[in-house]
Peer 1: 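Before I ask anything, let me first share the structure, which is written out below as structure tokens.
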Amino acid sequence: MKGKMSTEMGDIIIDKDVLAKYAGAATTECIGIVGMASVNVKDGVTRLLKRENAGRGVNISIVDNKIRIELHIIVAYGVSIRAVSQNVLENVQYKIEEFTGMEVESINVVVEGVRIIDED
């Protein structure tokens, strides 16, 4: 189902892919995030997505015009997963609600991996 808002001029319909890309971009701008993860269920292999494909690491569902988000992330080694996840939750919720005018019902963060970041 797509997100839908009604105005006096007509309806606004937001595709789930748009929401996924926006949520992925909001996630990757958070400190401690290396990137979004794509999981191949068949092989159980996780891979790091490039920034332009960040929406592929996001699952969106819309029920009763409320957004449910599942984020698959890869975090930097040495950071507090709890602190990074909390930052992601707050940032994504704020940006999606501000962007769409719709309510975010829930956000689940799935940490798929940890990567060491080269500082050179």
Side-chain angles (χ1 to χ4, degrees):
M1 179 177 180
K2 297 180 181 184
K4 183 177 180 181
M5 295 175 285
S6 296
T7 68
E8 62 278 352
M9 300 284 290
D11 293 334
I12 300 169
I13 298 171
I14 304 172
D15 192 275
K16 291 192 309 185
D17 289 340
V18 172
L19 296 172
K21 287 178 185 176
Y22 207 83
T27 300
T28 56
E29 67 186 26
C30 293
I31 294 173
I33 297 292
V34 175
M36 302 301 293
S38 172
V39 179
N40 183 338
V41 177
K42 180 182 173 189
D43 299 330
V45 175
T46 302
R47 38 180 213 125
L48 179 64
L49 295 170
K50 294 182 179 178
R51 187 167 180 87
E52 60 270 8
N53 293 327
R56 289 182 43 209
V58 180
N59 294 327
I60 300 281
S61 61
I62 301 171
V63 178
D64 296 328
N65 223 31
K66 294 181 182 177
I67 304 169
R68 296 178 183 168
I69 304 170
E70 183 174 285
L71 304 166
H72 296 265
I73 63 171
I74 297 175
V75 298
Y77 176 78
V79 299
S80 167
I81 293 174
R82 182 183 177 107
V84 169
S85 297
Q86 187 64 36
N87 186 25
V88 166
L89 291 171
E90 292 169 4
N91 194 44
V92 171
Q93 179 180 5
Y94 173 77
K95 296 234 171 154
I96 291 291
E97 288 181 345
E98 188 71 22
F99 176 64
T100 64
M102 297 170 64
E103 180 183 344
V104 173
E105 183 177 64
S106 66
I107 302 174
N108 293 316
V109 176
V110 181
V111 179
E112 297 287 356
V114 176
R115 294 272 171 103
I116 297 174
I117 300 175
D118 293 331
E119 295 189 20
D120 295 334

Peer 1: Nearest 0.5 Å, what's the CG-CD1 distance between Asn65 and Ile14?
Peer 2: 8.5 Å
Peer 1: Who passes side-chain hydrogen bond (donor to acceptor under 3.5 Å, both in side chains) against Asn91, sequence neighbours left out?
Peer 2: Glu29
Peer 1: Consider only side-chain heavy atoms of I, L, V, M, F, W and Y, link residues closer than 4.5 Å, and tell whether Ile67 and Ile12 are in one cluster.
Peer 2: yes
Peer 1: Using the side-chain contact (heavy atoms from CB on, under 4.5 Å) criterion, which residues pair with Tyr94? Sequence neighbours excluded.
Peer 2: Glu98
Peer 1: Between Asp64 (side chain only) and Lys66 (backbone N and O only), is there a donor and an acceptor less than 3.5 Å apart?
Peer 2: no
Peer 1: Taking Ile96 as the fixed residue, which of Ile107, Ile69, Ile60 is the one that meets the side chain to side chain contact (heavy atoms under 4.5 Å, CB included) rule?
Peer 2: Ile69
Peer 1: For Phe99, give me all partners under ring pair (Phe, Tyr, Trp, His ring centres under 6.0 Å), at least two apart in sequence or on another chain.
Peer 2: Tyr22
Peer 1: To the nearest 0.5 Å, how far apart are CD in Glu97 and CE in Met102?
Peer 2: 10.0 Å
Peer 1: State, to 0.1 Å, how close Gly35 and Thr28 come at their nearest heavy-atom pair, and which atoms those are.
Peer 2: CA-CG2, 4.4 Å
Peer 1: Do you know the tightest heavy-atom contact between Val92 and Ala23?
Peer 2: CG2-O, 3.9 Å
Peer 1: Can Ile33 be reached from Ile116 by stepping across I, L, V, M, F, W or Y side chains whose heavy atoms are under 4.5 Å apart?
Peer 2: yes
Peer 1: Output all residues satisfying salt bridge (charged side-chain N to carboxylate O under 4.0 Å, His left out) with Glu105, sequence neighbours left out; order by chain, then residue number.
Peer 2: Arg68
Peer 1: Assigning hydrophobic clusters by single linkage (Ile, Leu, Val, Met, Phe, Trp, Tyr; side-chain heavy-atom cutoff under 4.5 Å), is Leu71 placed with Val111?
Peer 2: yes
Peer 1: Output the distance between atom NE2 (His72) and atom OG1 (Thr27), rounded to the nearest 0.5 Å.
Peer 2: 11.0 Å
Peer 1: Mind listing the side-chain donor-acceptor pairs of residues 82-90 below 3.5 Å, one per line with the distance, residues two or more places apart or on another chain?
Peer 2:
| unit_1 | atom_1 | unit_2 | atom_2 | d |
| --- | --- | --- | --- | --- |
| Ser85 | OG | Ile81 | O | 2.8 |
| Gln86 | NE2 | Glu90 | OE2 | 3.1 |

Peer 1: Do you know the tightest heavy-atom contact between Met36 and Ile74?
Peer 2: O-CD1, 4.4 Å
Peer 1: Between Val79 and Val114, is there a shared hydrophobic cluster once you connect ILVMFWY residues whose side-chain heavy atoms come closer than 4.5 Å?
Peer 2: yes
Peer 1: Answer whether the closest heavy-atom distance between the side chains of Val58 and Glu70 falls below 4.5 Å.
Peer 2: no
